[in-house]
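In what follows, a structure is listed as structure tokens, so that the remarks can point back to it.
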Amino acid sequence: MRITSIETHTVFAGWRNWVFVTMRTDTGLTGLGEATLEGKEHAVVGAITDLSRLLLGKDPFDIEQHWSTMYRNGFWSGGPVMLTAISALEVAMWDIVGQVAGQPIYNLLGGRVRDRVRVYANGWYFGAQTPAEFAECAGQTVEQGFTAMKWDPFGLASLTVTREEEELAIENVAAVRKAVGPKVDLLIEAHGRFFVGDAIRIAKKLEPFNCYWYEEPVPPDNLDALAEVTRHSPIMVVAGERCYTKFGYADLLPRQAARVIQPDVIHAGGILETKKIAAMAEAWHTLVAPHNPNGPIAAAATLQLVAGMSNFLILEMLVADPPWRDAMLHEGLEIKDGVMLIPDRPGLGVTLNLDVIAQH
């Protein structure tokens with residue numbers, strides 16, 4: 001079997017563009033990947049075009065060899081654009097291998113330890129401006145069957161936060177907690193907004209609301225700063241969506257800079273690389289909650305990964321996708337009581353309708 005062509009498909013999906021990859025073989029099989037990288041779609045499409053030269057004519061089964069070649073071939077091997085491109089191509093190869101074997105990808109990685117995963121909602125708050133509006137959206141999200149939800153209540157705060165911004169954020173969290181009651185888990189996102197002192201102070205102000213976690217409280221470029229917040233925060237600190245490959249996590253984990261890590265399958269290096277990251281985390285008794293706010297192919301790949309991840313915690317699911325998503329692909333996913341079943345179809349278990357993609 002040989003790879004004969006690799007194409008990219010950029011799709012407008014509301015607040016960002018999805019980038020999908022189709023990898024075709026001389027046997028007629030097509031593998032799917034995703035390279036969505038907000039605001040960098042042209043760059044990542046160019047990187048996929050460059051990397052494709054290394055894969056055309058090659059056997060898609062040789063995933064480990066191809067990953068190493070793509071990562072090390074050029075002098076500039078790292079960074080989010082290149083790693084996202086590598087991840088998309090790696091996922092597409094796994095999809096092909098699973099289809100050939102007639103098995104879901106998790107069965108090719110050691111089998112599964114679970115057939116369903118707990119999920120939390122993200123994107124449920126789109127359009128909300130005031131604490132009351134956030135509270136109303138939160139109540140509607142619980143009615144949809146979610147038992148956990150994440151959002152960033154901090155507005156436009158950046159590195160420092162004004163007293164007014166801080167008070168409004170706390171009011172926002174208080175309103176959502178009141179709306180959903182004590183049994184729904186609230187996950188607070190900070191998007192790397194704060195200096196260490198502000199991050200720790202805000203964590204202590206959030207403590208009365210029994211928040212499930214506090215995500216990326218400081219910028220990702222200083223792991224010692226993150227570790228300092230983790231040591232002093234009364235809320236579990238999670239981070240890692242902007243950390244790539246096992247080499248990046250080899251710096252994060254020994255510092256115990258976060259209680260839970262969040263590698264993103266389509267940015268960290270792909271399915272197998274993220275499995276290696278999870279194994280490293282297990283040695284540090286650290287849980288994994290993959291970052292997953294991208295498109296449907298990324299979500300399918302992540303589900304295949306976490307099926308066999310023994311230190312998995314919870315999975316992110318975006319609930320603000322365009323209304324034509326279901327016409328674009330077949331995936332058959334359903335959320336009930338905050339839980340999603342993992343598909344058991346061959347490969348990724350999803351198919352794309354390229355005619356629908358062409359309309360967007």
Side-chain angles (χ1 to χ4, degrees), residues 6 8-11 13 15-21 32-52 54-55 66-94 122 152 158-159 189-193 215-223 225-226 238-253 257-258 261-278 280-281 288-299 301-302 305 316 318:
I6 296 170
T8 57
H9 311 268
T10 303
V11 188
W15 57 278
R16 83 286 203 213
N17 290 314
W18 288 330
V19 177
F20 300 129
V21 170
L32 301 176
E34 182 174 336
T36 300
L37 186 63
E38 301 95 310
K40 299 290 187 296
E41 57 270 14
H42 295 295
V44 78
V45 166
I48 290 169
T49 300
D50 292 340
L51 290 171
S52 295
L54 303 174
L55 298 179
H66 297 325
W67 194 96
S68 181
T69 299
M70 289 188 291
Y71 184 75
R72 300 185 184 281
N73 181 73
F75 186 77
W76 306 104
S77 58
V81 171
M82 188 59 68
L83 263 301
T84 300
I86 291 173
S87 300
L89 294 166
E90 192 259 14
V91 168
M93 286 187 279
W94 274 114
N122 190 3
D152 181 341
S158 180
L159 294 183
E189 165 75 270
H191 285 122
R193 289 184 183 277
E215 181 173 331
E216 205 179 34
V218 295
D221 47 14
N222 189 317
L223 295 176
L226 178 63
V238 308
E241 69 184 74
R242 290 187 273 183
C243 189
Y244 317 109
T245 76
K246 55 185 160 300
F247 306 113
Y249 279 93
D251 289 333
L252 187 153
L253 289 166
I261 62 168
Q262 297 176 288
D264 190 311
V265 172
I266 68 163
H267 302 319
I271 292 173
L272 186 56
E273 187 69 6
T274 309
K275 184 174 178 65
K276 293 176 181 179
I277 292 167
M280 292 169 62
V288 182
H291 184 247
N292 183 46
N294 304 296
I297 304 304
T302 307
L305 173 71
E316 178 175 18
L318 200 70

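Index from 1, following the sequence.
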Quick check for you: to the nearest 0.5 Å, what is the distance between [X] atom [atom1] and [Y] atom [atom2]?
| X | Y | atom1 | atom2 | value |
| --- | --- | --- | --- | --- |
| Glu215 | Glu189 | CD | CD | 4.0 Å |
| Glu316 | Asn122 | CD | CG | 4.5 Å |
| Met82 | Ile48 | CE | CD1 | 10.0 Å |

To check you understand the geometry: which heavy-atom pair defines the closest contact between [X] and [Y], and what is its length?
| X | Y | answer |
| --- | --- | --- |
| Ala190 | Pro217 | CB-CA, 3.8 Å |
| Ala35 | Val44 | O-CG1, 3.4 Å |
| His191 | Asp152 | ND1-OD2, 2.7 Å |
| Val21 | Ala88 | CG2-CB, 3.9 Å |
| Ile271 | Glu90 | N-OE1, 2.8 Å |

Side-chain heavy atoms of [X] within contact of [Y], under 4.5 Å:
| X | Y | result |
| --- | --- | --- |
| Thr10 | Trp18 | no |
| Gln262 | Val238 | yes |
| Glu34 | Asn294 | yes |
| Leu55 | Leu89 | yes |
| Trp67 | Leu272 | no |
| Leu226 | Pro219 | no |
| Pro293 | Asp264 | yes |
| Asn292 | Val265 | no |

Going by atom type alone, with no hydrogens or angles, which donor-acceptor pairs under 3.5 Å involve a side-chain atom of residues 239-247 and a protein atom two or more places apart or on another chain?
unit_1 : atom_1 : unit_2 : atom_2 : d
Glu241 : OE2    : His291 : NE2    : 3.2
Arg242 : NE     : Glu216 : OE2    : 3.0
Arg242 : NH2    : Glu216 : OE1    : 3.1
Arg242 : NH2    : Glu216 : OE2    : 3.2
Thr245 : OG1    : Phe247 : N      : 3.2
Lys246 : NZ     : Glu273 : OE1    : 2.9
Lys246 : NZ     : Glu273 : OE2    : 2.9

Side chain Ser158, main chain Arg193, donor-acceptor under 3.5 Å: no
Run the side chain to side chain contact (heavy atoms under 4.5 Å, CB included) check on Phe20 and Leu32 step by step: do they pass? CA-CA 7 Å; Phe20 300 129; Leu32 301 176; over 6 Å; no
Taken in chain and number order and not counting sequence neighbours, the residues that satisfy side chain to side chain contact (heavy atoms under 4.5 Å, CB included) with Ala268 are Pro263, Thr274, Ile277
Identified side-chain hydrogen bond (donor to acceptor under 3.5 Å, both in side chains) counterpart of Asn17 within the set His42, Lys40, Glu41: Glu41
Please assess Leu83 against His267 for the test side chain to side chain contact (heavy atoms under 4.5 Å, CB included), listing each intermediate value before the final yes or no. CA-CA 6 Å; Leu83 263 301; His267 302 319; 5.8 Å; no
